[in-house]
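Order of the sequence lines fixes the chain letters, A, B, ..., with proteins taken first and strands second; residue numbering starts at 1 for each chain.
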There are 2 protein chains.
Amino acid sequence: MRPTVHDIAAKAGVSLATVDRVLNGRPGVRAVTRARVEDAIEKLGYVRDVAAANLAKGRVYPLVFIIPEGENPFMRGLEAEVKLAATRSSFERTRIAAVHVPPFDAPALVQAIDAAVAEGVAGIAAVAVDAPEVAEAIGRARAAGVAFVTLVSDLAASARDHFCGVDNVAAGRTAGSLMARFLGARPGAVAVLAGSMLVRDHRERLEGFAAVMAEAFGGRRVLDVLEGQDEPERARALVGACLAAHPELAGIYSLGAGNAGLVAALEAAGRGDVCVIAHEITEPTRRGLEHGIIDAVLNQDAGHEVRSAVRVLRAKADGLPVIAAQERIRIDIFIKENLLQPLDETGTAQAAEA
Amino acid sequence: MRPTVHDIAAKAGVSLATVDRVLNGRPGVRAVTRARVEDAIEKLGYVRDVAAANLAKGRVYPLVFIIPEGENPFMRGLEAEVKLAATRSSFERTRIAAVHVPPFDAPALVQAIDAAVAEGVAGIAAVAVDAPEVAEAIGRARAAGVAFVTLVSDLAASARDHFCGVDNVAAGRTAGSLMARFLGARPGAVAVLAGSMLVRDHRERLEGFAAVMAEAFGGRRVLDVLEGQDEPERARALVGACLAAHPELAGIYSLGAGNAGLVAALEAAGRGDVCVIAHEITEPTRRGLEHGIIDAVLNQDAGHEVRSAVRVLRAKADGLPVIAAQERIRIDIFIKENLLQPLDETGTAQAAEA
DNA sequence: AAATTTCTGATTTACGTACATCAGAAATTT
DNA sequence: AAATTTCTGATGTACGTAAATCAGAAATTT
């Protein structure tokens, strides 16, 4: 059995109250006594039972997730993960709420942040828009003692406590490397479909991708970026026009959303030969992979990101250190063959293996 | 605040004792009363506070992990994850122990299983050897009310409660698909380095890989399997001989361990041009990726597998259902560009991003 | 209607920790 | 030595649930 506070008290020859004072850093213990207690803690290998401690404390951490609204399926998936975390949250003495803001809208984000701070939350996670006024709002929040993490897309490192998301430069390099290998010696330029060059994650992905393209085989030509605003219809039109204008096109890297339009344009043009790499496993990219339209999908696990954000916010709210290595989010590579089937609504599953 | 048992009692107009009987399926409650209580539970949206329940129960689940000994780095990593789970285990009212058996040794495994059952454990997780005597031992364990899951390598589905590992046929197909794309139109046969065709996971990977090779571009020749017994030195000798005998060799699929030998042989022969796909991120495969000797590594996350095994064993021990979809283990693909740096011993990390 | 069985309520203890109160001991100051 | 301050012990309550006991009510049987 694990040692308890009673065991420490007995071993150190002090009362429970004194042990409690030492454990919780309360005043009123002489240095020698404190040392005796700490020695006993050490020798017994005592570890606090967090479950019991939380039960006794009854403290709750109100957290807010600020998420862009709209039809971007990755964001909707992210929101679903937040909801899921919210249902589990009561067990972890955490109360999680989600609020919506229009995408790419810095003033709206600022307002949401200030509102959350006014409500007295313990921590905020937000998909950041990279703007000075947002950095200022985050500064106000942190000055008010509210922990702040950025989710998926980051901004200047100094403003927030932590970034919960992938290394997007590395993601771009990964896409570039796969593209280079899949294409091999095949000639032809590659196109890039982005949402907007105003958001940091898209800029970083492009940077990584372009760097690898420049290195590969003496350099492969990258066409001007198509900005589809993450909207399927615009993406369809842009890609369609690009395919028509460049019959020799060898590959497309889609680093944002709106992939339903991308797939539609490729199908309409009958260009299954184009090597396509996209981001995030969503309904359209999954279908694209299965039908051979998309060759590879890079994914960031939204569930991991949300859970990491909750852990980090709680740690920051308690003034505890964050183990950065533990909170790193992987860049997952999916091709047709390692794609798992989606879970059905109930969570009861298709067999994993025969 | 979340509703508690007291709220249910008040709402249903019954006592705490009756609520407790309903919640825990104890006898002594009339059908009408039970319905009233269940109605109140439903209406209030009551969810049991597991932490408090476990605290009150004080029940512990002794679990045993049976792991092959020897220098296979994946198995050593797996063991490290078990140790990690063991340190956390006391919080989850679980006591986890690890025992060693020689690899590929059915009688030793049988003995270890019987010993664990005799000790009165609640569940066993084992890297299975696919032999009838092992299936019988598992049958005895389950007849004695001990939950049993296979880890990493499976055997006949009927014998165990659950398999915690990847779909190895799909893993082989993934490897094949990557190999086909990386090679493109380049001619040449591919070699396969396995540990032993006696273990099921290696057989299944080969099956998936060979199937894709047969489909690709009218069929690419797969040489006879090299069985290196997962030992680096044997692997080095086998691969060295194969490279000498087949100067036109285009690719090598290493589906088992012993990859230190594989990398050494390739380096000695100066054959950086050969496309190499291996399994499991370990010290040698990581180095191979970084140096460009290995092109891709398929990985199963040992930590996920161990945690999944613990969850499943506890659920089975309690007679609860397992959400299979939640317990599926992904096949991760790593190339040089998406490889995360290893954590250092303390877990304090290198920066994830700038 | 009496006796029996089956259900239900009230109450208590426990799990491991947090936290508060109060009295008394020890150390320090006057 | 007396007065004060600082430390320590003893004790109790709380968190939300589990589990046990015992008394009394309701239903069933005789």
Of B/Ala52 and B/Asp20, the one whose closest DNA chain D nucleotide lies more 5': B/Ala52
Here's a test of your reading of the structure: between A/Ala17 and B/Ala17, which maps to the more 5' nucleotide of DNA chain D? A/Ala17
Would you classify A/Gly28 as touching base, sugar-phosphate or nothing, given that sugar-phosphate means primed atoms plus P, OP1 and OP2, and contacts are heavy atoms under 4.0 Å? base
Touch check for A/Ala53, heavy atoms < 4.0 angstrom, all strands: base, sugar-phosphate only, or nothing? sugar-phosphate
Could you tell me the separation between the [atom1] atom of [X] and the [atom2] atom of [N], rounded to a whole number of Å?
X       : N      : atom1 : atom2 : result
A/Asn24 : C/dT17 : CG    : P     : 11 Å
A/Leu44 : C/dT17 : CG    : P     : 12 Å
A/His6  : C/dC15 : NE2   : C1'   : 10 Å
B/Lys57 : D/dA20 : NZ    : C1'   : 16 Å
B/Asn54 : D/dT17 : CG    : C1'   : 10 Å
B/Leu16 : C/dT11 : CG    : P     : 11 Å
A/Leu55 : C/dA14 : CG    : C1'   : 13 Å
B/Arg2  : D/dC15 : CZ    : C1'   : 12 Å

Out of [options], which has the shortest distance to the side chain of [X]?
X       : options                : value
A/Arg48 : C/dT17, C/dG9, D/dT17  : C/dT17
B/Ser15 : C/dT17, C/dG9, D/dA10  : C/dG9
B/Arg26 : C/dT17, D/dA19, D/dG16 : D/dA19

Does [X] use its side chain to pair, donor to acceptor, with the backbone of [Y] at less than 3.5 Å?
X        : Y        : answer
B/Asp7   : B/Thr4   : yes
A/Arg95  : A/Ala86  : no
A/Asp161 : A/Val149 : no
A/Arg330 : A/Gln300 : no

Pi-cation contact, A/Phe148 with A/Arg142 (under 6.0 Å, within 45°): no
Report yes if some heavy atom in the side chain of B/Leu55 is under 4.5 Å from a heavy atom in the side chain of A/Leu55; otherwise report no. yes
Side chains of A/Phe65 and A/Leu151: does their closest heavy-atom pair fall under 4.5 Å? yes
How far does NZ of B/Lys11 sit from NZ of B/Lys43, to the nearest 0.5 angstrom? 6.0 Å
Could you tell me whether the side chains of A/Glu81 and A/His304 share a donor-acceptor contact shorter than 3.5 Å? no
The bend of the helix from C/dA1-D/dT30 to C/dA27-D/dT4, taken between the axes of its five terminal pairs at each end and rounded to 10°, is 30°
Heavy-atom pair with the smallest gap, counting every atom of A/Gly28 and A/Arg21: O-CD, 4.1 Å
B/Val14 or B/Ala56, whichever maps to the more 5' nucleotide of DNA chain C: B/Val14
Please check the phosphate of C/dT8 (OP1 and OP2 only) for any side-chain N or O of B/Thr18 closer than 4.0 Å. no
Scoring nucleotides 22-30 of chain C by protein non-hydrogen atoms under 4.0 Å (B base, S sugar-phosphate only, - none) yields -----S---
